[in-house]
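Working notes for the structure below.
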Amino acid sequence: MEQNANPVPSDAGTTNVRLRQVTLCADGKYRWISELDMFRNPTIFFLLFKVFGSIILGIGAFITLIGLFEGGGINALKSGVQIVLIISAIFFFLTLAGYLIVAAMYGGKYVVVFEMDDKGILHRQLQKQVKKGQVVGWISAFAALAAGKPTAAGSGLLSATKTSSYSTFSAVRRVKAYPRRHLIKVNEPFCKNQIYVDDDFEFVYTYICSHCPKAKCS
């Protein structure tokens, strides 16, 4: 993917500066909210199926190896393939059903707040009852909270955090962009982070790549 050298605002220490979606806050960190449509964007489902797929392949390989060691030959190999196919079909439908149930529980939306500076990027998943519209008004307040100036809105956003994942740019080895899915994968050896950006996609991608000296970007 071609990088676009978007200018980085230089007045981070004075006020909040907005691009289209990303906000450069007074504490020097970029923040934005992304609302992923879980029914139209299959990114999270693909991630779940990839995890389960690895487990299925591991089980199939283990069973096949046992059969081969016991002298099963080609029959053991055929049995292993059949078992993998059967388990794959079962897990696919179970994963799909589970995903649709969870998506319905979340109202079809996966709402995330991102924080980014020259050191790394933080992915904060919000509780299902928190809506994107609520969070937009809390960005400045949350920046004040991070700067040591507590506010009710900032505290409310922090308490609404469900899970988080942090990527240290100096440890990142691969950055891969998927513009159609509004997704940037930021991968360290033992930590894989998914960054969602609606607007300002090129800016965020370029910023991350320029701050990951050991990463291969594509």
Side-chain angles (χ1 to χ4, degrees), residues 1-9 16-25 29-51 95-96 98-100 102-118 120-139 142-143 157 160-169 172-188 191-212 215-218:
M1 178 174 179
E2 258 183 50
Q3 295 188 18
N4 182 16
N6 292 292
V8 178
N16 289 349
V17 178
R18 289 195 64 82
L19 298 171
R20 292 183 64 190
Q21 177 188 15
V22 176
T23 301
L24 175 59
C25 299
K29 293 186 178 183
Y30 291 94
R31 291 184 174 87
W32 69 95
I33 304 100
S34 182
E35 188 176 77
L36 184 70
D37 189 322
M38 297 178 71
F39 294 116
R40 294 185 178 181
N41 191 326
T43 297
I44 297 177
F45 175 74
F46 287 161
L47 177 63
L48 290 174
F49 193 69
K50 184 178 179 180
V51 172
T95 303
L96 179 60
Y99 177 80
L100 292 175
V102 172
M105 290 173 60
Y106 275 77
K109 304 294 182 183
Y110 180 80
V111 184
V112 194
V113 176
F114 293 99
E115 295 180 18
M116 180 177 71
D117 59 15
D118 59 352
I121 186 165
L122 179 66
H123 171 145
R124 293 180 183 271
Q125 179 192 352
L126 300 182
Q127 298 284 8
K128 63 183 180 181
Q129 67 270 21
V130 178
K131 302 300 181 183
K132 181 179 178 180
Q134 293 176 270
V135 184
V136 171
W138 291 351
I139 283 290
F142 189 62
L157 178 56
T161 299
K162 186 176 183 182
T163 59
S164 63
S165 178
Y166 185 79
S167 293
T168 303
F169 286 152
V172 172
R173 295 294 182 272
R174 182 70 186 270
V175 179
K176 189 169 180 61
Y178 299 84
R180 291 185 179 181
R181 287 196 272 157
H182 308 285
L183 169 67
I184 302 171
K185 290 186 177 181
V186 180
N187 296 336
E188 298 176 43
C191 178
K192 299 184 185 300
N193 207 345
Q194 298 201 143
I195 311 303
Y196 307 108
V197 193
D198 299 322
D199 299 318
D200 303 317
F201 186 92
E202 285 287 342
F203 171 79
V204 174
Y205 172 77
T206 302
Y207 185 96
I208 292 174
C209 286
S210 66
H211 286 81
C212 295
K216 178 182 178 181
C217 295
S218 60

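As a basis for the values below, the full set of heavy atoms in this structure was taken, side chains included, without hydrogen atoms, waters or symmetry mates.
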[atom2] on [Y] to [atom1] on [X], rounded to 0.5 Å:
X	Y	atom1	atom2	result
I208	S167	CD1	OG	8.0 Å
D117	R31	CG	CZ	9.0 Å
I33	T23	CD1	OG1	7.0 Å
E115	Y166	CD	OH	9.5 Å
C209	I184	SG	CD1	7.5 Å
I195	M116	CD1	CE	9.0 Å

Counting only N and O atoms by type, is there a donor-acceptor contact under 3.5 Å from the side chain of Y207 to the main-chain atoms of D118? yes
Using a 3.5 Å distance criterion without hydrogens, assess whether the side chain of T206 forms a donor-acceptor pair with backbone atoms of F203.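 Side chain of T206 to backbone of F203: no pair is present.
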Sub-4.5 Å side-chain heavy-atom contact between [X] and [Y]:
X	Y	answer
L183	K185	yes
E188	V172	yes
Q194	Y178	no

Minimal non-hydrogen separation, [X] against [Y], with atom names:
X	Y	value
A215	V175	CB-CG2, 4.0 Å
C217	Y205	CB-OH, 3.5 Å
F201	H182	CE1-C, 3.7 Å

Partners of H123 by side chain to side chain contact (heavy atoms under 4.5 Å, CB included), sequence neighbours excluded?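 Y110, V112, F114, S165, N193, Y196.
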Residues that R174 engages under side chain to side chain donor-acceptor pair (under 3.5 Å), provided they are two or more places apart: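 Applying side chain to side chain donor-acceptor pair (under 3.5 Å) to R174 gives S218.
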